[in-house]
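Worksheet for the structure shown next.
Per chain, numbering begins at 1; letters A, B, ... match sequence-line order.
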Amino acid sequence: MRDNGKIYLGLTIFLILITFPIWYNLATGKAGYAPELEKAVKGEDCVRDSAYMSANHMDLLNEWRDQVVRDGERFELLSNGTTVERSLSNTCLDCHANKDKFCDRCHGFLGVDPYCWDCHVIPGDHTP
Amino acid sequence: MTILISFVTIVMLILLVMAGVGVGGWRVLFGTVIPYAAIATFLLGFIYRVTLWARSPVPFRIPTTCGQQKSLDWIKPSRLDNPHTGLGVVGRMALEVLFFRSLFRNTRSEVREGPRLVYSADKWLWAAGLAFHWSFLIIFLRHFKYFAEPIPAWLLTIEHLDGFFQVGLPVVLATDLIIVAALTFLFLRRVVDPRLRYISLVADHFALFLLLGVALSGVYMRYFAKTDITRVKELATGLLSFQPVVPDGIGLVFFVHLFLVSVLLAYFPFSKLMHMAGIFLSPCRNMANNNRARRHINPWNYPVKVHTYEEYEDEFRDVMKAAELPVEKD
């Protein structure tokens with residue numbers, strides 16, 4: 001049976017679908033975009049180095065949550081001698097004050113939607 | 001032996017990329033050159049294979065009939081198992097492609113005491129195959145979020161549903177567990193059953209190990225050795241917009257994942273994985289069974305020079321008459 005027309009039509013549809021990101025990025029014109037994070041409003045050093053933080057901050061937050069909520073260990077002595085409270089709202093957001101310009105930049109870029117804010121208060125946001 | 005060859009090949013590939021990026025520092029090679037080559041091989045190879053198939057003759061209409069054929073009006077036809085319309089074929093193919101309907105009918109034969117031959121339903125291959133293929137599709141679609149900017153909302157819906165149970169951080173995605181479990185089953189199936197072990201080839205085990213390698217390196221990267229995925233997306237969108245960059249801060253595990261995916265893409269068009277396109281071209285499934293309603297002439301029929309009886313008689317009428325042979329026309 002001569003069905004070449006249908007076969008090539010199917011092949012064309014497949015090729016268009018599989019290369020979807022190329023067309024999509026051409027249409028939106030945002031290819032090569034990379035989010036820039038707002039500098040911390042105060043302090044020089046984070047609680048860990050930035051390479052660790054950018055990849056593993058969720059591990060640290062999880063660890064802190066367990067230590068605070070389950071073991072009651074609220075404070076941590078950093079390697080540089082200072083003591084910090086293990087707290088998202090009071091420590092992290094103290095320096096990285098703007099959630100929109102810090103957390104959400106990468107999370108939005110990568111489609112990550114962590115449920116931190118189901119419980120935690122966003123600083124400066126007073127909507128009930 | 002076939003298992004060993006496949007396994008060692010995959011281990012060598014992983015060691016190659018680990019040495020190349022980790023020791024040699026060839027990040028541009030493994031981050032851009034090899035992925036580009038792999039994508040090009042995949043696309044061109046895919047087109048080549050399908051074109052080859054499209055050009056090969058299918059002279060006869062040979063659908064497998066698994067139900068009552070369309071007949072007299074008062075006999076109920078089986079529209080999906082013996083389709084006689086284009087729509088029926090689409091339905092049959094959709095069930096085949098999406099739910100592996102013919103594999104659902106899989107049976108196993110065993111010789112029991114007696115001796116007597118026993119047939120029983122065997123749904124394990126169907127279930128594991130379906131679990132693997134659907135998980136792979138969902139994982140594949142999920143990965144579009146690393147290529148598309150801004151991310152379309154429907155992509156995020158898929159991921160939300162995948163991580164429905166919100167276990168752990170980052171959230172455990174159900175398809176990650178299912179794909180590894182299904183691939184493990186599909187591999188063990190070929191090892192445990194002696195008959196299957198006997199007919200398994202390197203190509204069978206290599207494909208399974210390669211897919212398992214891709215899945216496990218992805219799982220390892222998501223849940224254990226995390227890497228800076230903002231940079232990963234920069235690399236991915238850079239690749240697809242033809243402005244390749246290899247940002248710093250991308251871990252070795254990502255290069256292993258990317259390299260295994262590249263190997264998979266390059267291997268795809270030349271392997272049994274091409275059943276992805278081939279299933280649509282199955283001649284026994286993709287044709288309507290209307291042989292008795294319509295006449296189909298083989299379009300590849302060679303133009304045969306025929307000499308009909310009428311012509312024969314015209315040519316030899318006089319001789320035939322002289323020999324007193326009966327003729328149709330005088």
Sort by residue number and list every member of residues 233-244 of chain B having a non-hydrogen atom under 4.5 Å from chain A. B/Lys233, B/Glu234, B/Thr237, B/Leu240, B/Ser241, B/Phe242
Would the B/Phe144 and A/Tyr24 ring centres measure less than 6.0 Å apart? no
Atom group of A/Leu37 that falls short of 4.5 Å from chain B, counting heavy atoms: neither
Apply side chain to side chain contact (heavy atoms under 4.5 Å, CB included) to the pair B/Ile47 and A/Leu15, showing each step before the final yes or no. CA-CA 9 Å; B/Ile47 294 169; A/Leu15 290 175; 3.7 Å; yes
So how far is it from A/Leu11 CG to B/Trp53 CH2, rounded to the nearest 0.5 Å? 11.0 Å
Contact class of A/Ala34 relative to chain B, heavy atoms under 4.5 angstrom: both
CG (B/Asp228) and SG (A/Cys106) are apart, to the nearest 0.5 Å, by 7.0 Å
Examine whether an atom of B/Phe42 lies under 4.5 Å from a heavy atom of chain A, and if so say whether it belongs to the side chain, the backbone or both; otherwise answer neither. side chain
Side chain / backbone / both / neither for B/Pro247 at chain A, heavy atoms under 4.5 Å: neither
When the 4.5 angstrom heavy-atom criterion is applied to B/Thr230 and chain A, the contacting part is both
Quick one: what part of B/Phe280 sits under 4.5 Å from any heavy atom of chain A, side chain, backbone, both or neither? neither
Is A/Leu110 close to chain B through its backbone or its side chain, or both, or neither, when contacts mean heavy atoms under 4.5 Å? both
Report, by ascending residue number, the residues of residues 161-177 of chain B in heavy-atom contact with chain A at a distance under 4.5 Å; give 'none' if the set is empty. B/Gln166, B/Gly168, B/Leu169, B/Pro170, B/Val171
Does any backbone or side-chain atom of B/Leu156 lie under 4.5 Å from a heavy atom of chain A? Answer side chain, backbone, both or neither. side chain
Any side-chain to backbone donor/acceptor pair from A/Thr28 onto B/Glu149? Under 3.5 Å, distance only. yes
Rounded to the nearest 0.5 angstrom, the OG1-CD1 distance for B/Thr51 and A/Ile7 is 9.5 Å
Applying a strict 4.5 Å limit to non-hydrogen atoms, the region of B/Met276 in contact with chain A is side chain
Euclidean distance, B/Glu159 CD relative to A/Asp113 CG, rounded to 0.5 Å: 9.5 Å
Give me the atom names and distance for the closest heavy-atom approach of B/Ile151 to A/Gly108. CD1-O, 3.9 Å
